[in-house]
Amino acid sequence: MNKERRLIIAGNWKMNKTVAEALSLVEDLTRAVASVKEVDIVVCPPFTALESVSRAILESKNIKLGAQNMSENHFGAFTGEICAGMLKEFSVRYVILGHSERRQFQKESDALIARKAAAAHAASLKPIVCVGETLAEREGGQMEQVLETQVRGSLAGLTKEQMVETVIAYEPVWAIGTGKTATTQQAQDAHAFIRAQLAKMFDEATARKVRIQYGGSVKPNNAQELMSQPDVDGALVGGAALESRSFADIIKNSV
Ligand code: PGA
């Protein structure tokens with residue numbers, strides 16, 4: 001597939017996988033995608049498996065490591081938190097920020113996510129900033145307003161250079177883990193809307209360089225159609241990333 005931007009497909013393992021299970025998954029995945037060169041592939045295990053997975057992919061040329069969250073602070077008295085510097089010790093390159101589950105259960109705000117994004121960039125980690133509307137918001141005709149608020153708030157204060165090194169994941173909350181995928185047109189429309197916001201916040205050239213992933217029930221059988229949309233530059237995959245075969249098939253079907 002000839003895309004304007006390089007595809008980035010990330011697996012968000014959420015709170016799943018022991019170290020042994022994580023190793024088994026990533027070893028199988030490494031073999032399954034060894035020949036794929038056209039896609040940035042990222043795996044985001046839980047913190048407890050980062051070190052082992054990091055070692056396991058040391059030799060892999062095309063699989064990079066991501067974390068699922070981090071603190072906005074650099075060190076200190078923040079019990080239970082993990083900072084960017086700690087992630088860097090395991091060669092983590094990406095960090096998911098503001099996933100809808102954290103917005104919902106940990107009450108993460110756009111302002112907090114923006115501080116985390118700034119802290120990630122300060123440590124040369126690339127943030128994957130998640131945005132997306134709920135079903136009630138979509139049905140209430142508020143989708144654009146919600147996306148605009150989240151995009152402006154969560155990316156506030158970034159420089160153009162940092163924005164280009166930031167990935168956005170558009171994840172309609174109603175499509176996460178539900179088996180309901182946005183139609184390709186719904187995904188394209190939301191991505192184009194987000195890119196238009198970036199053009200207003202930064203400029204057209206910056207907006208054109210930013211990769212926007214789609215997330216929400218991405219599976220091997222819908223990946224190709226989603227990726228064929230001009231503003232869809234990859235996927236953030238939850239459930240289907242927990243098994244090497246389905247994640248590898250999503251990747252292979254996307255190129
Ligand atoms: P899903 O999750 O693929 O299981 O819908 C996506 C996500 O939450 O990132």
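All residue numbers in this chain count up from 1 along the given sequence. Each ligand, and each atom within it, is numbered from 1 in the order the structure gives.
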Could you walk me through whether Glu225 and Ser228 pass the side-chain hydrogen bond (donor to acceptor under 3.5 Å, both in side chains) test, one step at a time? CA-CA 5 Å; Glu225 212 187 318; Ser228 70; over 6 Å; no

Consider only side-chain N and O atoms of Asn62 and Ser60, and report whether a donor and an acceptor are under 3.5 Å apart.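 Looking only at side-chain atoms, Ser60 and Asn62 do form a donor-acceptor pair, the distance falling under 3.5 Å.
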
For [X], counting its heavy atoms only, list the atoms of ligand 1 lying under 4.0 Å from any of them.
X      : result
Glu171 : 6 (C), 7 (C), 8 (O), 9 (O)
Ala175 : 5 (O)
Gly216 : 5 (O)
Gly239 : 1 (P), 3 (O), 4 (O)
His99  : 7 (C), 8 (O), 9 (O)
Asn12  : 9 (O)

Between [X] and [Y], is there a side-chain N and carboxylate O pair less than 4.0 Å apart?
X      : Y      : answer
Arg6   : Asp40  : yes
Asp110 : Arg103 : yes
Arg208 : Glu204 : no

Tell me whether the rings of Tyr170 and His191 are parallel (<30°), tilted (30 to 60°) or perpendicular (>60°).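 Rings of Tyr170 and His191: perpendicular, over 60°.
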
Are Gln68 and Met15 side-chain neighbours, meaning at least one heavy-atom pair lies under 4.5 Å?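 When only atoms from C-beta onward are counted, Met15 and Gln68 do not touch, as no gap falls below 4.5 Å.
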
Purely on distance, is any nitrogen or oxygen of Thr178 under 3.5 Å from one on ligand 1?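 No: no nitrogen or oxygen of Thr178 is under 3.5 Å from one in ligand 1.
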
Can you tell me if Lys14 has a non-hydrogen atom under 4.0 Å from ligand 1?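 True for this residue.
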
Heavy-atom proximity to atom 5 (O) of ligand 1 ranks first, among Gly11, Gly238, Gly177, Cys44, for Gly177

